[in-house]
**Q** 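Mind having a look at this structure? Questions to follow.
Numbers restart at 1 for each chain; the letters A, B, ... are given by sequence-line order, proteins then strands. Atom set for the values below is all heavy atoms of this structure, side chains included, hydrogens, waters and symmetry mates excluded.
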Amino acid sequence: DVKVTQSSRYLVKRTGEKVFLECVQDMDHENMFWYRQDPGLGLRLIYFSYDVKMKEKGDIPEGYSVSREKKERFSLILESASTNQTSMYLCASSKDSGETQYFGPGTRLLVL
Amino acid sequence: GENVEQHPSTLSVQEGDSAVIKCTYSDSASNYFPWYKQELGKRPQLIIDIRSNVGEKKDQRIAVTLNKTAKHFSLHITETQPEDSAVYFCAASNELGNTPLVFGKGTRLSVIA
């Protein structure tokens, strides 16, 4: 079974703080993804990565950056959190880029 | 790039009735079409998928159909049960390409007992 874990289920931060969300997968998948999920907007892709140290912008990269120093770990960074970044953040991984993705449990972030 | 439209956004059915969710896609090169179910407070999970070399696939009460000419695919759930209540997402991709899945916006299905 693929296991994708995220560092926190719930997180509360203040405006302007730097926020790190971490994702780890144990299936040796090449590809990892970060989405945010908001009511009525579905899953919106923020960034993805094909390989270690590789990253590609998704549909909504503004205000975010990512880091992939190890194959199993993909971090999402909010350099200066803002209230409009309050959302559910979901990480996913897949063996190949167009294949089935396996999701983590999500991190619900509240920025005050 | 690929664009996936999903309808309806909400769907209510009586327990025991069937539910159908439809998706259209724009890129004729897409050849992989998974469906995910997300229960309240949980992660999206793959429930069924279809590739472009087949027109229909069934797994117990769920089935997916694909019409490549019209570029649409549908999820069919028969004999719905309350535990089918969830948000369902369709997605499309070209497995041979270097681009990730593109998701529809989701359908919230409510099964009324």
**Q** Walk me through it: do A/Leu90 and B/Gln38 pass the test side chain to side chain contact (heavy atoms under 4.5 Å, CB included)?
**A** CA-CA 12 Å; A/Leu90 286 161; B/Gln38 186 179 27; 4.3 Å; yes
**Q** What residue, out of A/Gly58, A/Gly42, A/Gly104, has the most heavy-atom pairs lying under 4.5 Å from chain B?
**A**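 Ranked by contacts with chain B, first place is A/Gly104.
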**Q** Could you walk me through whether A/Thr100 and B/Tyr32 pass side chain to side chain contact (heavy atoms under 4.5 Å, CB included), step by step?
**A** CA-CA 9 Å; A/Thr100 302; B/Tyr32 177 61; 2.2 Å; yes
**Q** Side-chain heavy atoms under 4.5 angstrom apart, residues restricted to Ile, Leu, Val, Met, Phe, Trp, Tyr: same cluster for A/Ile60 and A/Val66?
**A**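 Same cluster.
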**Q** Can you get from B/Ile47 to A/Val4 by hopping between Ile, Leu, Val, Met, Phe, Trp and Tyr side chains that sit under 4.5 Å apart?
**A**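 Shared cluster, no.
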**Q** If you count heavy atoms of other groups shown closer than 6.0 angstrom to CD of B/Glu15, is the number above 12?
**A**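 Yes, because the 6.0 Å sphere around CD of B/Glu15 holds more than 12 heavy atoms from other groups.
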**Q** Taking atom CD as the centre, does B/Gln60 end up with more than 12 heavy-atom neighbours from other residues, nucleotides or ligands that are less than 6.0 angstrom away?
**A**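 No, the 6.0 Å shell around CD holds no more than 12 heavy atoms from other groups.
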**Q** Return the minimal non-hydrogen interatomic distance between B/Gly41 and A/Arg9, and the atom names on each side.
**A**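 Closest approach of B/Gly41 to A/Arg9, heavy atoms only: O-NH2, 3.6 Å.
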**Q** Using every non-hydrogen atom in the two residues, find where A/Phe48 and B/Pro100 come nearest and quote the distance to one decimal.
**A**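 Minimum heavy-atom contact is CZ-CD, 3.7 Å.
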**Q** Is there a path of hydrophobic side-chain contacts, each under 4.5 Å between heavy atoms of I, L, V, M, F, W or Y residues, that connects B/Tyr88 with B/Val13?
**A**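 Yes; B/Val13 is reachable from B/Tyr88 via cluster members.
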**Q** Counting only heavy atoms closer than 4.5 Å, note whether A/Gln37 contacts chain B via side chain, backbone, both or neither.
**A**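 Contact with chain B: side chain only.
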**Q** Going through the checks in order, is the side chain to side chain contact (heavy atoms under 4.5 Å, CB included) test met by B/Phe103 and A/Arg44?
**A** CA-CA 8 Å; B/Phe103 286 86; A/Arg44 292 186 291 167; over 6 Å; no
**Q** Might you confirm whether atom NZ of A/Lys71 has over 12 heavy atoms from other residues, nucleotides or ligands at distances under 6.0 Å?
**A**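 Yes - once you tally the heavy atoms of other residues, nucleotides and ligands closer than 6.0 Å, there are more than 12.
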**Q** If I take atom CG from residue B/Asp49 and atom CD from residue A/Glu99, how far apart are they, to the nearest 0.5 angstrom?
**A**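 Here the rounded value is 10.0 Å.
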**Q** Examine A/Leu45 and A/Met32 and state if one hydrophobic cluster contains both, with Ile, Leu, Val, Met, Phe, Trp and Tyr joined whenever side-chain heavy atoms are less than 4.5 Å apart.
**A**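 No, because A/Leu45 and A/Met32 fall into different hydrophobic clusters, even though each may have its own neighbours under 4.5 Å.
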**Q** Rounded to the nearest 0.5 Å, what separation is found between the CD atom of A/Gln6 and the CZ atom of B/Arg43?
**A**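 It comes to 8.0 Å.
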**Q** Taking all heavy atoms of A/Gly40 and all of B/Lys105, pick out the closest pair and write down the distance.
**A**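 Answer, listing the atom of A/Gly40 first, then B/Lys105: O-CD, 3.9 Å.
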**Q** From A/Tyr102 OH over to B/Tyr36 OH, what is the distance, rounded to the nearest 0.5 angstrom?
**A**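 These two atoms lie 7.5 Å from each other.
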**Q** Chain A heavy atoms under 4.5 Å from B/Thr99: which part of the residue, side chain, backbone, both or neither?
**A**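 Interface part for B/Thr99: backbone (N, CA, C, O).
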**Q** For B/Leu40, I'd like to know if atom CG has over 12 heavy atoms of other residues, nucleotides or ligands within 6.0 Å.
**A**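 Incorrect, the count does not exceed 12.
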**Q** Side chain, backbone, both or neither: which part of B/Leu46 has an atom under 4.5 Å from a heavy atom of chain A?
**A**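 Contact with chain A involves the side chain of B/Leu46 alone.
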**Q** So for atom NZ, which belongs to B/Lys68, do other residues, nucleotides or ligands contribute more than 12 heavy atoms lying within a distance under 6.0 Å?
**A**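 Yes, because the 6.0 Å sphere around NZ of B/Lys68 holds more than 12 heavy atoms from other groups.
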